[in-house]
Amino acid sequence: KNQVEQSPQSLIILEGKNCTLQCNYTVSPFSNLRWYKQDTGRGPVSLTIMTFSENTKSNGRYTATLDADTKQSSLHITASQLSDSASYICVVSARGNNRLAFGKGNQVVVIP
Amino acid sequence: GAVVSQHPSWVICKSGTSVKIECRSLDFQATTMFWYRQFPKQSLMLMATSNEGSKATYEQGVEKDKFLINHASLTLSTLTVTSAHPEDSSFYICSASDPGLAGGYNEQFFGPGTRLTVL
């Protein structure tokens with residue numbers, strides 16, 4: 001079973017609307033959680049990174065939250081733009097090693 | 001800062017040939033580089049971890065004789081897919097890290113990926 005589960009697998013939203021992506025993880029001991037944006041045919045680009053003590057972090061129209069107790073994170077996209085169409089990947093790092101656990105991604109399609 | 005490049009961005013080759021992919025950290029020294037493979041709609045799968053000047057550590061199920069990794073300097077790692085077959089067609093992504101960067105998060109900075117198609 002994957003240590004990082006994301007939902008929904010895919011969604012279509014209208015330009016200008018908001019959406020929220022979910023990430024649940026089982027990685028332990030927890031070090032940090034990152035959200036990446038991956039455009040089709042490109043490498044992942046970091047959006048946010050949060051440690052155990054942080055429960056929210058913003059990067060422009062992207063706001064990530066973290067509940068380390070329930071092992072859940074979300075990524076909220078505000079006022080979506082066509083360029084937000086991409087896969088959003090939740091990645092969790094365990095304390096003590098450099099191995100990353102990747103989710104399969106949330107595929108977001110923004111339509112005009 | 002923390003830019004990682006890959007070359008080529010895409011390559012098409014005939015079955016049985018070998019293909020080399022380069023990964024460079026452009027503005028920092030990468031003590032560790034990672035190679036991933038990603039199939040459509042799937043997670044990135046770690047293939048191997050390499051530290052400069054030492055042999056790569058391969059993940060279970062990854063053939064080290066087929067996927068040759070060289071990390072000869074702190075800014076360059078190469079992945080050579082030997083005797084490529086159509087099932088090797090995939091998106092190959094490298095990442096690089098330097099513990100001194102990113103406030104100690106030991107963050108990995110990803111390259112743009114290389115699309116390999118084997119005919």
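A quick note: this is a predicted structure, and the numbers were derived from the prediction, not measured. First the proteins, then the strands, lettered A, B, ... as listed; each starts at 1.
- Hydrophobic clustering keeps B:Leu68 apart from B:Met47 (ILVMFWY residues linked when any side-chain heavy atoms are closer than 4.5 Å, directly or through intermediates).
- Between the CD atom in A:Gln3 and the OG atom in B:Ser43 there is a gap of 11.5 Å [rounded to 0.5 Å].
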Query raised in the report: Should A:Leu100 and B:Tyr36 be marked as a side-chain contact (heavy atoms from CB on, under 4.5 Å) after you check the CA-CA gap, both sets of side-chain angles, and the distance that decides it?
Result: CA-CA 11 Å; A:Leu100 302 179; B:Tyr36 295 87; 4.1 Å; yes
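- No single ILVMFWY cluster, assembled from side-chain heavy atoms under 4.5 Å apart, contains both B:Ile21 and B:Leu46.
- Contacts between B:Gln38 and chain A at a heavy-atom distance below 4.5 Å involve the side chain alone, from C-beta outward.
- In the displayed structure, B:Glu87 atom CD is contacted under 6.0 Å by more than 12 heavy atoms of other residues, nucleotides or ligands.
- To the nearest 0.5 Å, atom CZ of residue A:Arg42 and atom CZ of residue B:Arg115 are 12.0 Å apart.
- More than 12 non-hydrogen atoms from other residues, nucleotides or ligands lie less than 6.0 angstrom from NZ of B:Lys66.
- Within a 6.0 Å radius of CZ in B:Phe39, other residues, nucleotides and ligands contribute more than 12 heavy atoms.
- Using a 4.5 Å cut-off between side-chain heavy atoms of Ile, Leu, Val, Met, Phe, Trp and Tyr, with links allowed through other members, B:Trp10 and B:Tyr92 fall into different hydrophobic clusters.
- Of all non-hydrogen atoms in B:Gln108 and A:Tyr36, the two that sit nearest each other are O-OH, 3.4 Å.
- Ranking A:Gly41, A:Ser87, A:Gly105 against chain B, the residue ahead of the rest is A:Gly41, based on heavy-atom pairs under 4.5 Å.
- Atom NZ of A:Lys104 is separated from atom CD of B:Gln42 by 4.5 Å, given to the nearest 0.5 angstrom.
- The heavy-atom pair separating A:Gly43 from B:Ile93 by the smallest distance is CA-CD1, 4.5 Å.
- For the atom pair B:Phe110 CZ and A:Ser46 OG, the distance stands at 9.0 Å (nearest 0.5 Å).
- Residue contact with chain A, scored on non-hydrogen atoms closer than 4.5 Å, involves the backbone and the side chain of B:Leu44 alike.
- By the rule that hydrophobic residues join a cluster once side-chain heavy atoms approach within less than 4.5 Å of another member, B:Val118 and B:Phe67 end up as members of one cluster.
- The hydrophobic cluster containing A:Leu11 does not contain A:Ile111, counting ILVMFWY residues as joined when their side-chain heavy atoms lie under 4.5 angstrom apart, directly or transitively.
- At a 4.5 Å heavy-atom cutoff, the contact between A:Gln38 and chain B is made by side-chain atoms alone.
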